[in-house]
Amino acid sequence: MKLYNTMTRKKEDFVPLVPGEVKMYSCGPTVYNYFHVGNARPFIVFDTLRRYLQYRGYKVTFAQNFTDVDDKIINRARQENTNESAVSEKYIQEYFRDADGLNVRRADYHPKVTEHMEEIICTIRKLEERGLTYNVDGDVYYDTSKFVEYGKLSKQNLEELEAGARVDINEVKKNPFDFALWKKQKPGEPAWESPWGLGRPGWHIECSAMSMKYLGETIDIHSGGQDLIFPHHENEIAQSEGASGKPFARYWLHNGFININNEKMSKSLGNFFTVREISEKYDLEVVRLFMLSAHYRSPINFSAELLDQTKNALDRLYNAKANLEYLLGQAQEKPATTEEQALKSALPGYKEKFIEAMDDDLNTADGLAAIFDLVRDVNSRVKAESSKEVMQFAYDLFMELTGVLGLLYKKEEGLDAGIERLIAERQKARKEKNWALSDKIRDDLKAQGIILEDTPQGVKWKRTN
RNA sequence: GGCGACAUAGCCAAGUGGUAAGGCAGAGGACUGCAAAUCCUUCACCCCCGGUUCAAAUCCGGGUGUCGCCUCCA
């Protein structure tokens with residue numbers, strides 16, 4: 001498989017450090033609010049990468065942190081007259097609720113900053129021992145001038161960065177790009193004991209400390225949004241490699257942004273939609289498919305119109321699934337017809353196309369095209385009372401490929417007896433050509449969210465949404 | 001100022017040297033009591049100008065336009 005590595009700015013063959021095993025870390029949310037659609041993209045994309053790597057036989061160990069110590073959390077706690085842990089605990093739960101809706105699976109580890117003070121302090125001490133830090137009255141900073149490779153990920157050099165002007169003025173720091181490893185406690189803020197006095201960790205150190213704890217000093221894949229390249233990931237490299245003396249991550253993956261009217265969606269700009277809001281109007285699976293319908297590194301625009309398009313595309317996949325399940329129920333043990341044989345021999349080709357696409361830097365858009373090709377082929381070649389063997393083969397492959405993308409996870413509930421009876425009644429009415437009654441029943445059921453379709457193979461039902 | 005991305009049909013979006021995938025929407029047709037689903041057919045001067053090449057959406061140069069990072073940020 002090839003992956004685009006931000007470090008080298010090239011697609012590279014993916015070769016994990018230990019054959020057959022992948023260690024990956026993804027920067028997780030700061031839990032002070034519901035997450036927005038922009039946050040959802042890396043969750044979905046890297047969940048898909050994880051699924052695909054597993055599909056290809058790798059044993060994947062995946063860690064994604066929760067940042068539960070942060071100015072924003074502190075502010076939120078003050079606003080709501082509560083404490084920081086109440087805020088972070090609440091939004092961790094809300095994260096899982098939305099992530100579940102998006103079919104983003106739990107990581108193997110979801111470490112929290114508050115539970116890793118020891119490791120964080122230990123990492124800072126290592127940096128201190130190596131002379132990479134300085135202490136200004138209880139604030140500990142990383143001395144970026146001491147890390148010669150600083151800037152290697154973002155391809156920035158310190159002088160050019162300085163010319164950029166948009167740097168906060170902090171007289172205390174030796175260099176504008178030095179960053180806090182440990183912040184001295186301010187009145188009313190949560191704080192922990194440390195060799196430098198009471199305080200809390202800077203933002204970047206947590207990822208270094210927790211990644212090393214759970215995945216080791218050198219990991220295979222580190223991922224996140226493009227805006228994290230500088231300074232967050234640059235700083236993580238300085239911290240982790242500064243402390244361990246070993247390469248931190250072998251492949252750096254960064255997803256592109258979600259735009260609203262061609263402008264970045266962000267919490268700071270205020271032009272964002274939370275996933276929770278979206279879930280009131282759309283099934284979240286629509287959001288998942290939306291994210292996968294473009295390459296993960298491309299910017300994508302977000303709008304209701306696009307979600308509607310995506311919803312219709314998703315319906316096509318669900319229709320195909322329902323169609324296959326229905327036919328499978330009717331299928332018989334019998335030799336395949338010529339058409340069915342043609343289908344069966346074509347199926348491996350779709351799988352190959354899918355794998356080829358996904359192997360190319362996780363090209364989910366092309367992977368989906370392979371799935372839609374398969375759908376058309378199945379739809380056009382399969383008839384009632386098909387060969388069970390071929391139907392099962394087709395169904396299994398369809399579910400296998402959509403499953404790798406984390407799609408088609410909605411469970412269908414059965415119909416209750418009352419509705420079953422109405423459907424039977426309508427069938428009787430149709431047989432008697434009582435169209436008025438049969439149409440009325442169909443309309444009534446539609447009002448209840450049940451759509452009936454009279455296909456050549458018989459009557460089928462599905463739920464709206 | 002530095003670093004970087006993008007520009008393909010009405011809307012989304014693949015394709016990085018051999019003559020344009022896929023989805024949505026639209027049109028026509030088949031099937032159907034009707035509807036739906038499904039199938040078939042149909043729908044692209046690949047931002048502009050040069051260059052390289054037998055051959056360019058694809059490579060090179062130059063434009064134009066849009067966006068991102070350099071400040072918390074997915």
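Proteins get letters first, then strands, A, B, ... in listed order; numbering begins at 1 in each. Being a predicted model, the structure only gives us computed values, none of them experimental.
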Sequence-distant partners of A:Phe354, ring pair (Phe, Tyr, Trp, His ring centres under 6.0 Å), two or more places apart = none
For A:Phe257 and B:G4, give me the distance from atom CZ to atom P, rounded to whole Å.
-> 17 Å
Using whole Å, report how far NE2 of A:His233 lies from P of B:C70.
-> 13 Å
By side-chain contact (heavy atoms from CB on, under 4.5 Å), which residues pair with A:Glu84, not counting sequence neighbours?
-> A:Ile73, A:Ile74, A:Ala77, A:Pro190
Confirm from the modelled atom types if A:Arg297 and B:A5 form a donor-acceptor pair under 3.5 Å, side chain to base only.
-> no
With A:Lys410 as the cation and A:Tyr318 as the aromatic partner, state whether NZ or CZ is under 6.0 Å from the six-membered ring centre and within 45° of the axis.
-> yes
Answer yes or no: is there an ion pair linking A:Arg442 with A:Asp439, defined by an N-O contact shorter than 4.0 Å?
-> yes
Those residues at least two apart in sequence (or on a different chain) that pass side-chain contact (heavy atoms from CB on, under 4.5 Å) with A:Ser268 are A:Ser266
Once you round it to whole Å, what is the distance between P of B:C39 and CG of A:Leu327?
-> 13 Å
To the nearest angstrom, the CG-C1' distance between A:Asn259 and B:C12 comes to 14 Å
Across all strands, who's sitting opposite B:C69 as a Watson-Crick or G-U wobble pair, both distances under 3.5 Å?
-> B:G2
Proximity of A:His110 and A:Phe96 rings by center, below 6.0 Å = yes
Atom pair distance, as rounded to whole Å: NE2 in A:His254 and P in B:A74 | 13 Å
For atom C1', what is the distance between B:A25 and B:G62, given to the nearest Å?
-> 38 Å
Starting from C1' on B:G2, measure out to CD1 on A:Ile229 and report it in whole angstrom.
-> 15 Å
Pairing partner of B:A20, by Watson-Crick or G-U wobble and under 3.5 Å for both distances, is none
Using the C1' atom as the reference point in each nucleotide, state the distance between B:A7 and B:U58 in Å, no decimals.
-> 14 Å
Apply ring pair (Phe, Tyr, Trp, His ring centres under 6.0 Å) to A:Phe62 and list each qualifying residue two or more places apart in sequence or on a separate chain.
-> none
List in chain and number order the residues that pass ring pair (Phe, Tyr, Trp, His ring centres under 6.0 Å) with A:His116, two or more places apart in sequence or in another chain; answer none if no residue qualifies.
-> A:Tyr214
Distance-only check: which donor-acceptor pairs under 3.5 Å involve side-chain atoms of residues 44-51 of chain A, not counting sequence neighbours?
from: A:Asp47; atom 1: OD1; to: A:Arg105; atom 2: N; distance (Å): 3.0
from: A:Asp47; atom 1: OD2; to: A:Arg51; atom 2: NE; distance (Å): 2.8
from: A:Asp47; atom 1: OD2; to: A:Arg288; atom 2: NH1; distance (Å): 3.1
from: A:Asp47; atom 1: OD2; to: A:Arg288; atom 2: NH2; distance (Å): 2.8
from: A:Thr48; atom 1: OG1; to: A:Ile44; atom 2: O; distance (Å): 2.7
from: A:Thr48; atom 1: OG1; to: A:Arg288; atom 2: NH2; distance (Å): 3.1
from: A:Arg50; atom 1: NH1; to: A:Arg106; atom 2: O; distance (Å): 2.7
from: A:Arg50; atom 1: NH2; to: A:Arg106; atom 2: O; distance (Å): 3.1
from: A:Arg51; atom 1: NH2; to: A:Asn103; atom 2: O; distance (Å): 2.7

For B:G15 and B:C47, measure between their P atoms and round to the nearest Å.
-> 15 Å
Examine B:C39: is either OP1 or OP2 under 4.0 Å from a nitrogen or oxygen in the side chain of A:Asn379? Give yes or no.
-> yes
C1'-based separation of B:U52 from B:C40 [nearest Å] | 43 Å
Looking at A:Lys460, does any N or O in its side chain come under 4.0 Å of the phosphate oxygens OP1/OP2 on B:U38?
-> no
Which parts of nucleotides 13-26 of chain B does protein reach within less than 4.0 Å, heavy atoms only, written one letter per nucleotide 5' to 3' as B for base, S for sugar-phosphate only and - for none?
-> SSS-----BSBBS-
Of the nucleotides B:C39, B:G2, B:C72, which has the atom closest to the A:Gln156 side chain?
-> B:G2
Check every strand shown and say whether A:Ser268 touches a base, only sugar-phosphate, or nothing at a heavy-atom separation below 4.0 Å.
-> base
Whether over 12 other heavy atoms sit under 6.0 Å from A:Phe273 CZ = no
Round to a whole Å and report the spacing from CD of A:Glu339 to P of B:U38.
-> 18 Å
If the C1' atom of B:C67 is compared with that of B:A9, how far apart are they to the nearest Å?
-> 23 Å
Closer to the 5' end of RNA chain B via nearest nucleotide, is it A:Lys155 or A:Ala320?
-> A:Lys155
Roughly how far apart, to the nearest Å, are B:C60 and B:G29 at atom P?
-> 48 Å
In Watson-Crick or G-U wobble terms, both distances under 3.5 Å, what is the partner of B:U64?
-> B:A7
Reckon A:Asn262 touches a base, only the sugar-phosphate, or nothing at all at heavy-atom distances under 4.0 Å?
-> sugar-phosphate
Nucleotide opposite B:U53 in a Watson-Crick or G-U pair, distances under 3.5 Å = none
Could you measure between the two C1' atoms, the one in B:U53 and the one in B:U16, and give it in whole Å?
-> 16 Å
Identity of whatever pairs with B:A30 - Watson-Crick or G-U, under 3.5 angstrom | B:U38
Report which part of the nucleic acid A:Arg442 touches: base, sugar-phosphate, or nothing (heavy-atom distance under 4.0 Å, all strands).
-> base
With respect to A:Arg297, which candidate in A:Asn255, A:Asp361, A:Thr6 satisfies the side-chain hydrogen bond (donor to acceptor under 3.5 Å, both in side chains) definition?
-> A:Asp361
Using a 4.0 Å heavy-atom cut-off across all strands, classify A:Ile451 as base, sugar-phosphate, or nothing.
-> nothing
Protein-nucleotide distance (A:Arg200, atom CZ; B:C72, atom C1'), rounded to Å | 12 Å
Quick one: side-chain contact (heavy atoms from CB on, under 4.5 Å) partners of A:Asp143, sequence neighbours excluded?
-> A:Tyr134, A:Ser145, A:Lys146, A:Lys174, A:Asp178
Tell me what A:Gly38 touches on the nucleic acid: a base, only sugar-phosphate, or nothing, going by heavy atoms under 4.0 Å.
-> base
On RNA chain B, nearest-nucleotide positions of A:Asp454 versus A:Asn255: which is more 5'?
-> A:Asp454
Of residues 422-441 of chain A, the positions that come close to RNA chain B - non-hydrogen atoms, cut-off under 4.0 Å | A:Arg426, A:Arg430, A:Trp435, A:Ser438, A:Asp439
Remember a base hit wins even if backbone is also touched, and classify A:Leu269 as base, sugar-phosphate or nothing at under 4.0 Å, heavy atoms.
-> nothing
Expressed as a whole number of Å, how far does the P atom of B:A20 sit from that of B:C43?
-> 12 Å
